[in-house]
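Lettering of chains follows the sequences in order, A, B, ..., and the numbering in each one begins at 1.
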Amino acid sequence: MPELPEVETICRILREGQPGIPSLLGKIIAGVQVLWPRTLANCSPDEFRERLIGQSIQVIDRRGKFLLFQLSPDTLMVHLRMSGDLLVEAVSTPLALHHRLTIDFQDGLRLSFNDARKFGRVWLSADPGEVLGSLGPEPLDPSFTALDLYQRLQTSHRQLKPLLLDQSFLAGLGNIYTDEALHLAHLHPLMPSNELTLSQAERLWRRIRQVLEEGIRRQGASIDWVYRGGDFQNYFRVYQRTGEPCPECGTPIQRLVVGQRGTHICPNCQVLQR
DNA sequence: CACGAGACCTGTTCGC
DNA sequence: TGCGAACAGGTCTCGT
């Protein structure tokens with residue numbers, strides 16, 4: 001479930017609370033259970049537990065697809081990868097099958113990291129830059145302009161889609177939102193990035209932001225068993241719509257493979273030049 | 001440097 | 001019904 005809009009949705013829920021679920025801000029960590037040790041990317045279960053207990057949550061934020069919990073001296077960083085999820089539940093709730101890590105608070109609530117595929121990772125560090133340092137710009141940050149995108153595209157010869165998925169190029173896009181943005185911008189995923197004109201780059205910039213904002217507004221996309229309550233999956237234009245008509249021209253959507261990822265395009269709206 | 005394949009994992013869906 | 005293949009929102013590493 002985790003691209004920028006889904007991570008942002010979880011971030012807001014944990015920070016601001018939800019009906020029946022309080023905000024986690026200010027909560028003091030009283031206990032930690034590491035159920036799948038490889039979840040911890042940069043420390044041992046013992047070190048993780050000892051450092052975490054007693055710290056409290058000061059700030060909850062997002063950077064790219066990372067969730068950030070700023071604690072007393074340390075920062076806890078969570079990447080959900082393909083199937084990860086974060087849940088707030090009572091300490092008394094039985095551990096679900098795919099729980100990999102639980103953090104108990106003094107008030108009887110716990111934060112549980114559930115991850116069927118075990119790809120998700122958690123970092124604990126006093127210096128978040130160690131983990132986040134190589135991330136590219138935030139696409140929704142006001143300081144990220146269309147000209148910035150154009151200039152970055154010019155510096156690479158790579159195909160558009162793999163480049164947009166590269167988190168050091170731009171932080172937060174994944175397979176769904178990249179396909180959707182490229183379709184909205186009428187750009188082919190295999191187009192060399194340095195061949196985009198300024199006006200094509202501006203179009204892409206606007207469409208990336210549009211699709212991410214819509215995803216956030218709809219609280220993300222919920223597919224299969226990974227569910228969070230968002231409904232953006234009902235508004236996909238091309239993603240997982242192979243054979244269905246393009247919403248703009250009616251041409252059947254095609255599926256191709258680009259950089260080992262399923263990729264969905266309208267062959268009429270997204271044409272590779274020459 | 002750019003790209004492809006393989007690895008890491010489990011669960012669901014599809015095709016025969 | 002059963003069984004294997006294909007596929008899934010991500011990213012890292014290795015070889016060419």
Salt-bridge present (A/K27, A/D107; N to O < 4.0 Å): yes

Just compare B/dG4, B/dG11, C/dG10 and give me whichever is closest to any side-chain atom of A/H98. B/dG11

C/dA8 phosphate, OP1 or OP2: any side-chain N/O from A/R255 under 4.0 angstrom? yes

Compare the minimum distances between each of C/dA8, C/dG9, B/dA2 and the side chain of A/E6, then state the nucleotide with the smallest one. C/dG9

Within the 4.0 Å heavy-atom criterion, would you say A/R121 contacts the bases, only the backbone, or no part of the nucleic acid? nothing

Taking the minimum atom-to-atom distance to the side chain of A/Y239, which one of B/dC3, C/dA8, C/dT11 wins? C/dA8

Quick one: is A/K65 getting a side-chain N or O under 4.0 Å of the C/dG10 phosphate, OP1 or OP2? yes

What's the CG-C1' distance between A/D179 and C/dG10, to the nearest Å? 14 Å

May I ask you to verify whether the side chain of A/Q159 and the base of B/dA2 hold a donor-acceptor pair under 3.5 Å? no

Report yes if a side-chain nitrogen or oxygen of A/R261 is closer than 4.0 Å to either non-bridging phosphate oxygen (OP1 or OP2) of C/dG10; otherwise report no. yes

When rounded to whole Å, the CG to C1' distance for the pair A/D166 and C/dG10 reads 12 Å

With a 4.0 Å cut-off on N to O distance, would you call A/D179 and A/K161 a salt bridge? yes

When you compare C/dA6 with B/dA5, how far apart are their P atoms, in angstrom units rounded to a whole number? 14 Å

Counting heavy atoms from C-beta on, name the nucleotide in B/dC9, B/dG11, B/dA2 closest to the side chain of A/A116. B/dG11

Ignoring backbone atoms, establish whether A/R158 has a side-chain N or O less than 4.0 Å from OP1 or OP2 of B/dC3. yes

Does the structure place the NZ or CZ of A/R152 under 6.0 Å from the centre of the six-membered ring of A/F169, at an angle of no more than 45° from the ring's axis? yes

Which nucleotide in the set B/dT10, B/dG11, B/dC8 lies at the smallest distance from any side-chain heavy atom of A/F119? B/dC8

Rounded distance in Å between the P positions of C/dA5 and B/dG6: 15 Å

Measure NE2/A/H264 against P/C/dC7 and give the value in whole Å, please. 10 Å

Can you tell me the distance, in whole Å, between the CG atom of A/L164 and the P atom of B/dC3? 13 Å

Runs of at least three Watson-Crick or G-U pairs with DNA chain C, cut-off 3.5 Å: B:2-8 with C:10-16, B:10-16 with C:2-8

Side chain of A/S156 only, heavy atoms from C-beta on: which candidate in B/dC9, B/dA2, C/dG10 is closest? B/dA2

Can you tell me how far OH of A/Y177 sits from CZ of A/F236, rounded to the nearest 0.5 angstrom? 6.0 Å

Whole angstroms only, please: what is the CD-C1' distance between A/Q240 and C/dC7? 9 Å

Look only at the side chain of A/K65 and the backbone of A/L173, and say whether a donor-acceptor pair between them is shorter than 3.5 Å. yes

Any idea which of C/dA8, B/dC3, C/dG10 is nearest the A/P2 side chain? C/dG10

A/A116 backbone acceptor or donor facing A/R100 side chain under 3.5 Å: yes

Residues A/E214, A/R218: salt bridge by 4.0 Å N-O rule: yes

When you get a sec, tell me which of C/dG9, C/dT11, B/dC9 is the closest nucleotide to the side chain of A/W36? B/dC9

Taking the side chain of A/R38 as its heavy atoms from C-beta onward, which of C/dG9, B/dC8, C/dA8 lies nearest to it? B/dC8

Could you state the atom-to-atom distance from CG of A/L165 to C1' of C/dA8 in whole Å? 14 Å

From C-beta outward on A/E3, which listed nucleotide comes closest to its side chain: B/dA2, B/dA5, C/dG9? C/dG9

Comparing A/Q260 and A/H157 on DNA chain B - which has the more 5′ nearest nucleotide: A/H157

Length of the CG-C1' vector between A/N194 and B/dC1, whole Å: 13 Å

Rounded interatomic separation in angstrom, taking CD from A/Q167 and P from C/dG10: 8 Å

Would you call A/R62 and A/E138 a salt bridge, taking side-chain N to carboxylate O under 4.0 Å as the test? yes

Hey, does the side chain of A/E89 reach the backbone of A/R110 with a donor-acceptor pair shorter than 3.5 angstrom? no

For B/dT10 and A/K118 - does any side-chain N or O of the residue sit under 4.0 Å from the phosphate oxygens OP1/OP2? yes

